[in-house]
Protein chains: 2
Amino acid sequence: MSTGITEREQGEAGSPGSDRHLRADAQRNRARILDAATTLMAVHGIDVPIDEIAQLAQVGVGTVYRNFPTKAALFKGLLMARLEPLVSAARAAADADEPGEAFVDFVRNLSDEFANFKALADAMVDSGVDLDAAKSQISGELISAVSRLLERAQECGRIRPDVTIGDVAAMMAGISHTDPILMDPSQRKRCVALVCDSLLIGARSLLPQTEILQPPAPLRTGSRSS
Amino acid sequence: MSTGITEREQGEAGSPGSDRHLRADAQRNRARILDAATTLMAVHGIDVPIDEIAQLAQVGVGTVYRNFPTKAALFKGLLMARLEPLVSAARAAADADEPGEAFVDFVRNLSDEFANFKALADAMVDSGVDLDAAKSQISGELISAVSRLLERAQECGRIRPDVTIGDVAAMMAGISHTDPILMDPSQRKRCVALVCDSLLIGARSLLPQTEILQPPAPLRTGSRSS
DNA sequence: TACTATACGGAACGATGGTTCCGTTTGTCA
DNA sequence: TGACAAACGGAACCATCGTTCCGTATAGTA
């Protein structure tokens, strides 16, 4: 359910005179804010309160808002920076000699990246913070790059021809957005492996072999109280 | 991120004298509240504001709280009512002649039910509303019933033996919690089919045939070892 | 019909979180 | 070193949402 926060500006505060002189303390604080935001976005996703970012950066909230007109504007740059390498990786994978293997590797890396930087996974779906313009660009570029990778892998006969980019996007989103109590890192890797199993043609199971023989871990149902 | 709402009572208001006389208007309002809650929980999940429930029921918020001490208490009964048939279905499926087919059918129905009553999917994971006691019971019973169904299907050689109940729970949760923009009903059915494909041994693809634009999917035989 | 326990509505409270405002501090430059 | 624009911090504002409170309305009864 969106909270209705709307993006009001594309750029950051002061972008008109983007090379204008910044006082030394302002430069330092801006860097601290970006560091703090990166740290907290990785773990808590797009839901981190601005107050927490300000606290970790050791500045006041006012200072955050002097640098970035909205929370969305602050997040946009950091998300784009995280996205670019992924788009490049998808494009490179599409040109690889073995697009089937490249596809599986890419999907694994994408899942890792979503898990290691939760805000990126949040940005791919409706997350309460309206990143409209940024989100379109972010997800659009990634989707089109992965589309081409998928097509190449299908042309090579390694991926089922009836699988669509929508299937891949939905499955990746599902795996990336599930409660970490149900989807801890080990479980996530298993799910990625199972998904890949269902996409590949005639592959050996990709499920981690080391986890197969152990007795099934008791399922934790998510009660986090005592 | 949990909002820290805590459950304070197990039952509903007035449950001690559960058969005590209720005024006619109170009975009518109680029924309206339950109807409204059911309608809104189905679409919006556990995030519906109490105000909206009261508005749809054409009562004040005070009336909601006179019937149910907390939001969690209101939701608990409705969730349990939705859950019971699922638990029964899972138990019946575990005793079916063909547990493999029964497993696939059950997973499909479970996914439909989660989609048709979003609050139930929310209740299976951390959702901001603390249903501790209720949630443990809800998810615990369902999980154990599905566990047995999975084991039976594995004993019959229809489901991969290396698949765990954790895998099934995580995949179902993933599919059920994904942004409906990415996971519309048709896409959800495709994802369920893909997941089942990855769990079953030597099955034809379960992807809906009507949606396949390409040549039919090749039979996937047991060439993938396990 | 009059009385009263029961129930009602919705304003108000407290907590959370995004955003704004303004009095104060400080880096920079002459 | 003094002046001042730039930047700072954080209180305050607004909106949302769960929950409580209390003055008012009414169903049931005599």
Side-chain angles (χ1 to χ4, degrees), chain A residues 1-9 12-14 16-17 19-33 36-37 40-41 44-76 127-131, chain B residues 1-9 12-14 17 20-33 36-37 40-41 44-76 127-131:
Chain A
M1 202 171 287
S2 175
T3 54
I5 303 157
T6 51
E7 183 188 28
R8 291 169 310 166
E9 294 189 31
E12 300 161 4
D19 55 349
R20 95 182 184 287
H21 183 68
L22 265 189
R23 246 166 59 173
D25 54 345
Q27 281 180 330
R28 182 177 7 99
N29 284 335
R30 186 186 173 87
R32 276 180 164 172
I33 291 165
L40 294 176
M41 286 167 75
H44 297 105
I46 272 180
D47 288 337
V48 235
I50 290 281
D51 290 27
E52 281 186 27
I53 294 175
Q55 200 173 348
L56 183 60
Q58 295 180 287
V59 302
V61 270
T63 300
V64 175
Y65 278 94
R66 207 165 313 102
N67 278 277
F68 306 95
T70 62
K71 181 173 167 175
L74 165 59
F75 283 18
K76 180 183 169 184
S127 52
V129 173
D130 190 348
L131 298 166
Chain B
M1 209 170 282
S2 174
T3 55
I5 303 155
T6 52
E7 183 187 28
R8 290 167 311 168
E9 293 188 32
E12 300 161 3
R20 95 181 184 288
H21 182 68
L22 264 189
R23 248 167 59 174
D25 55 345
Q27 283 180 328
R28 182 177 8 97
N29 284 334
R30 187 186 171 89
R32 276 181 164 170
I33 290 164
L40 294 175
M41 286 168 75
H44 296 105
I46 273 180
D47 288 337
V48 235
I50 291 282
D51 291 28
E52 281 185 26
I53 294 174
Q55 200 174 347
L56 182 60
Q58 295 179 288
V59 301
V61 270
T63 300
V64 175
Y65 278 94
R66 207 166 312 102
N67 279 277
F68 306 94
T70 61
K71 181 173 168 177
L74 165 58
F75 282 18
K76 181 184 169 183
S127 53
V129 173
D130 191 348
L131 298 167

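Atom set for the values below is all heavy atoms of this structure, side chains included, hydrogens, waters and symmetry mates excluded. So that the names make sense, note that chain A is the first sequence line, chain B the second, and so on, each numbered from 1.
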With nearest nucleotides of DNA chain C determined for D51(B) and N29(B) from heavy-atom distances, which residue corresponds to the more 5′ nucleotide?
->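 Between the two, 5'-proximity favours N29(B).
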Earlier contact from the 5' end, DNA chain C, for I50(A) and G62(A) |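 First, find each residue's nearest nucleotide; the 5'-ward one identifies I50(A).
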How many whole angstroms separate atom [atom1] of [X] from atom [atom2] of [N]?
X: E52(B); N: dC17(D); atom1: CD; atom2: C1'; result: 11 Å
X: I53(B); N: dG18(D); atom1: CD1; atom2: C1'; result: 11 Å
X: L22(A); N: dA6(D); atom1: CG; atom2: C1'; result: 10 Å
X: R32(B); N: dC8(C); atom1: CZ; atom2: P; result: 11 Å
X: Y65(A); N: dA7(D); atom1: OH; atom2: P; result: 19 Å
X: K71(A); N: dG18(C); atom1: NZ; atom2: P; result: 4 Å
X: F75(B); N: dC17(D); atom1: CZ; atom2: P; result: 12 Å
X: R66(A); N: dC21(C); atom1: CZ; atom2: P; result: 13 Å

Is the backbone N or O of I46(A) less than 3.5 Å from a side-chain atom of K71(A), with the two atoms forming a donor-acceptor pair by type?
->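 Checking the backbone N and O of I46(A) against the side chain of K71(A), a donor-acceptor pair under 3.5 Å is found.
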Is it true that atom CD of Q27(B) has more than 12 heavy atoms of other residues, nucleotides or ligands lying nearer than 6.0 Å?
->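 Check passes, neighbour count above 12.
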V48(B) and F75(B), any side-chain heavy atoms less than 4.5 Å apart =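 Yes; the side chains approach each other to less than 4.5 Å.
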Quick one: on DNA chain D, does R23(B) or V61(B) contact a more 5' nucleotide (nearest heavy atom)?
->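 With R23(B) and V61(B) compared, the 5'-side residue is V61(B).
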Assign Q58(A) to base, sugar-phosphate, or nothing according to its heavy-atom contacts below 4.0 angstrom with the strands shown.
->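 If one applies the 4.0 Å heavy-atom cut-off, Q58(A) turns out to touch the sugar-phosphate alone, with no base involved.
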Could you give me the CA-CA distance, side-chain angles and deciding distance for I50(B) and F68(B), then say whether side chain to side chain contact (heavy atoms under 4.5 Å, CB included) is met?
-> CA-CA 11 Å; I50(B) 291 282; F68(B) 306 94; over 6 Å; no
Looking only at side-chain N and O atoms, does T63(B) come under 4.0 Å of OP1 or OP2 in dA7(C)?
->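 False: T63(B) side-chain N/O out of range (4.0 Å or more) of dA7(C) OP1/OP2.
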